A.B. asks: 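Pasting a structure below so you can have a look.
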Amino acid sequence: MNFLKSLVAAGLVAASTLPVRALDISGAGATFPYPIYAKWADAYKKETGNGMNYQSIGSGGGIKQIQSKTVTFGASDMPLKPEDLTKSGLVQFPTVVGGDVPVVNLEGVKPGDLKLDGVTLAKIFLGDIKSWDDEAIAKLNPSAKLPKHAIVVVHRSDGSGTTFIWTDYLSKVSADWKSKVGANTSVEWPAGIGAKGNEGVANNVANTKGAIGYVEYAYAKQNKMTSVSMINKDGKAVEPSAAAFQAAAANADWEKADHYYVILTDQPGATSWPIAGATFILIHTQPQDPAAATEALKFFAWAYKKGSKMAEELDYVPMPDKVVTAIQKMWTAEIKDGSGKPLFSASN
Amino acid sequence: MVDVAWQETGVDVQDVAERARVLNRLRIGDIVFHRITKTAALLVLMVLGGVIVSLFLGALPALQEFGFGFLTTQSWNPVTDKFGALAPIYGTIVTSLIAMLIAVPFGLMIAMFLTELCPMWLRRPIGIAIELLAGIPSIIYGIWGLFVFAPFLQQYVQPPIIAAFENIPVLSTLFAGPPFGIGILTASLILAIMVLPFITSISRDVFDAVPPVLKEAAYGLGWTQWEVWRYVVLPFTRIGVIGGVMLGLGRALGETMAVTFVIGNAHKISTSLLAPGTTISASIANEFTEAVGDLYTSSLIALGLILFIITFIVLAIARYLLLRINRRIG
């Protein structure tokens, strides 16, 4: 026993006398924000010497890992319900905004040519509208000539935050969808074919005439896919753009939201894109390792301050400034070490 | 042995203790060798047992929740946490069966051609091509299936098939549109291509092992090539052929990536072969990373357990067939 103790002590001494060890933050979770987290981590390491190790294992895995405290922070595309957060002693905050874009493969239809509203979109994905020359679609697009071609619905086959945002929107605008299907990272699809990942959906849509699917905004933009304009809550048609996503994020009522449980679908505002969503970070209110948690908060504070341009380069939409201020206030108020001292203050 | 060796050298063995020591050392060597090999063999059993136990424990919550209904319902709904495995089980079995239906006759014909009818200079190129086919990683088949094969089927093959069978009772339901390009049939065709090399190369090897004198005698009696193959070669080699077929079936049942790409991943049982479906392994690969909730994860593990059992049953049937054939011949 004594031998063991001295061994441990020796180890500790060795560890503490090592040349200034960079503090590495570890996180795990959603795949959607992985590219921007990796880019931020890279730039942050260059600037401060501190690394951030993020494993994109999926939102489900991220939630499990933070609950079992094996990582400093978890990441999820789907916000956790306030009661679940309280139960696990977690808080959440959004980092960047993204969203879904409906894409189609129709001869002669260019990006933005086609206009749809939520109810019609829900009917298409329910399999109630089966052909492109359906009255409901024609009414929204009086000038377009739509073919009498079967609609092929393409959805994600893997569980995904993209699907959560999509099905949440359809549930909000269609009572039928809400009762028959509901919203989740994967659902029981009433119609269509499933494809793995954004690239799978994109390829199936590109290869199948008469197809409609949904992909992450960044993906649709980078691949110049034929996107559909959506009619938003205010009844205005909007094309998917960074500005339209930011409008949705700015118009959301973050301050009143309980535990940042905000889903950015179907937000008010004339220029808001209706199928937007934020991706979230989960962190313990009383972290086991306060030093690591402090580093994590510092990292995200740095990302909010200096990471916006990098995010925009990768077609993510940064959080509006007023939301960032509110988030940092929440950090100071909620996240504390064992003695009740806040881990973060806005000044540092 | 040591005694004999000693006597042959003619050395008088006086030092009994020395002799015992040498003998002892040899015996210990034998025991150690025995133990090591035994451990290696037992390790396989332990790994297998561990896999079964952990699969079963992982699947337990789902099996307790849904009971036998897990096997007989096809609802797969992560929103309401209701899971049934019927659609993936159906997809797994149907795609594998169709694949074998196509690959077995083709594989046997190719093997026959290569061993009996093919001119010598062509044997090597075809043989090598088939072996290369076996070496292609399954993800390549998946990508090729999605980008090349499925659009080709959608544009040029499925529309005429749907039109041709429109008014024929059973076939019209089996081949009902719309043409997606991907679906159960596409997955089966890809699987058929994937298992073809297994069946072909094993059949070719066992056909080659048929003693020439048997074939020559049969030809001498004036039999046709078909008759020689049917009544001499095939009876002589059927155990090997069945082995090859089972190996192919095993691969088809468990194939994941290629199938995921082209099957359409819909948890549904459709009467049409052109409709999208799913298989057990495709469902697991698709959904495991983002499966939120214990029941969802457990249901996916239960799917794995079912696949394990199906594969086990297939192997058992193969063993049983071989046993019966052996007994009849013996």
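Quantities reported herein were computed from a predicted structural model and do not represent experimental measurements.
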A.B. asks: Just how far is it from atom CG of Leu101(B) to atom OG of Ser96(B), taken to the nearest 0.5 Å?
C.D. replies: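 Nearest 0.5 Å value for the CG-OG distance: 12.0 Å.
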A.B. asks: For Asn204(A), which atoms come within 4.5 Å of any heavy atom of chain B: side chain, backbone, both, or neither?
C.D. replies: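 Just the side chain, heavy atoms under 4.5 Å.
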A.B. asks: Counting only heavy atoms not in Lys123(A), do more than 12 fall under 6.0 Å of its NZ?
C.D. replies: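 Not buried by this count: 12 neighbours or fewer within 6.0 Å.
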A.B. asks: At a 4.5 Å cut-off on heavy atoms, which part of Asn207(A) comes close to chain B: side chain, backbone, both, or neither?
C.D. replies: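 When you check distances to chain B, atoms from both the backbone and side chain of Asn207(A) fall under 4.5 Å.
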A.B. asks: Do the side chain of Trp132(A) and the main chain of Gly210(A) share a donor and acceptor less than 3.5 angstrom apart?
C.D. replies: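 Side chain of Trp132(A) to backbone of Gly210(A): a pair is present.
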A.B. asks: What part of Ile263(B) gets within 4.5 angstrom of chain A, counting heavy atoms only: side chain, backbone, both, or neither?
C.D. replies: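 Neither; nothing under 4.5 Å.
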A.B. asks: Heavy-atom cut-off 4.5 Å, strictly under: side chain, backbone, both or neither for Thr185(A) against chain B?
C.D. replies: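 Side chain of Thr185(A) only, per the 4.5 Å heavy-atom cut-off to chain B.
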A.B. asks: Does any backbone or side-chain atom of Lys209(A) lie under 4.5 Å from a heavy atom of chain B? Answer side chain, backbone, both or neither.
C.D. replies: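 The answer is both parts of Lys209(A).
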A.B. asks: State the OH-CD1 distance between Tyr217(A) and Ile165(A), to the nearest 0.5 angstrom.
C.D. replies: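 Reported to 0.5 Å precision, the distance equals 14.0 Å.
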A.B. asks: Using non-hydrogen atoms only, which part of Ala195(A) is less than 4.5 Å away from chain B: side chain, backbone, both, or neither?
C.D. replies: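 Only the backbone of Ala195(A) comes within 4.5 Å of chain B.
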A.B. asks: Chain A: which of Lys82(B), Glu287(B), Lys268(B), Gln155(B) shares the most heavy-atom pairs with it under 4.5 Å?
C.D. replies: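 If we count pairs closer than 4.5 Å to chain A, Lys268(B) comes out on top.
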A.B. asks: At what distance, to the nearest 0.5 angstrom, does CZ of Phe180(B) lie from CG of Leu153(B)?
C.D. replies: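 Atom-to-atom, Phe180(B):CZ and Leu153(B):CG are 14.0 Å apart.
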A.B. asks: Between Ala211(A) and chain B, which part of the residue has a heavy atom less than 4.5 Å away: side chain, backbone, both or neither?
C.D. replies: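 No part of Ala211(A) comes within 4.5 Å of chain B.
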A.B. asks: With only heavy atoms counted, which part of Val181(A) is less than 4.5 Å from chain B, the side chain, the backbone, both or neither?
C.D. replies: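 Just its backbone gets close to chain B.
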A.B. asks: Does any heavy atom of chain A fall under 4.5 Å from the side chain of Ser283(B), the backbone, both, or neither of them?
C.D. replies: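 Contact with chain A is absent: no heavy atom of Ser283(B) under 4.5 Å.
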A.B. asks: Under 4.5 Å heavy-atom distance to chain B, tell me which part of Ala183(A) shows up: side chain, backbone, both or neither.
C.D. replies: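 Only the backbone of Ala183(A) comes within 4.5 Å of chain B.
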A.B. asks: With only heavy atoms counted, which part of Ser160(A) is less than 4.5 Å from chain B, the side chain, the backbone, both or neither?
C.D. replies: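 Backbone only.
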A.B. asks: Can you say whether Ala285(B) sits under 4.5 Å from chain A via the side chain, the backbone, both, or neither, judging by heavy atoms?
C.D. replies: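 Only the backbone of Ala285(B) comes within 4.5 Å of chain A.
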A.B. asks: Can you tell me which of Gly181(B), Ala266(B), Ser75(B) forms the most heavy-atom pairs within a distance under 4.5 Å of chain A?
C.D. replies: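 Looking at each of Gly181(B), Ala266(B), Ser75(B) in turn, Ser75(B) comes out on top.
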A.B. asks: Report yes if the distance between the aromatic ring centroids of Phe147(B) and Phe261(B) is under 6.0 Å, otherwise no.
C.D. replies: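 So the answer is no for these two rings.
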A.B. asks: For Lys172(A), run the side chain to side chain donor-acceptor pair (under 3.5 Å) check against Asp266(A), Thr265(A), Thr167(A) and tell me which one passes.
C.D. replies: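 Of the listed options, the one satisfying the test is Thr265(A).
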A.B. asks: To the nearest 0.5 Å, how far apart are CD in Gln92(A) and CD1 in Ile283(A)?
C.D. replies: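 CD1 of Ile283(A) is found 12.5 Å from CD of Gln92(A).
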A.B. asks: Can you measure from NZ (Lys196(A)) to CE (Met257(B)) and round to the nearest 0.5 angstrom?
C.D. replies: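 Separation between the atoms: 6.0 Å.
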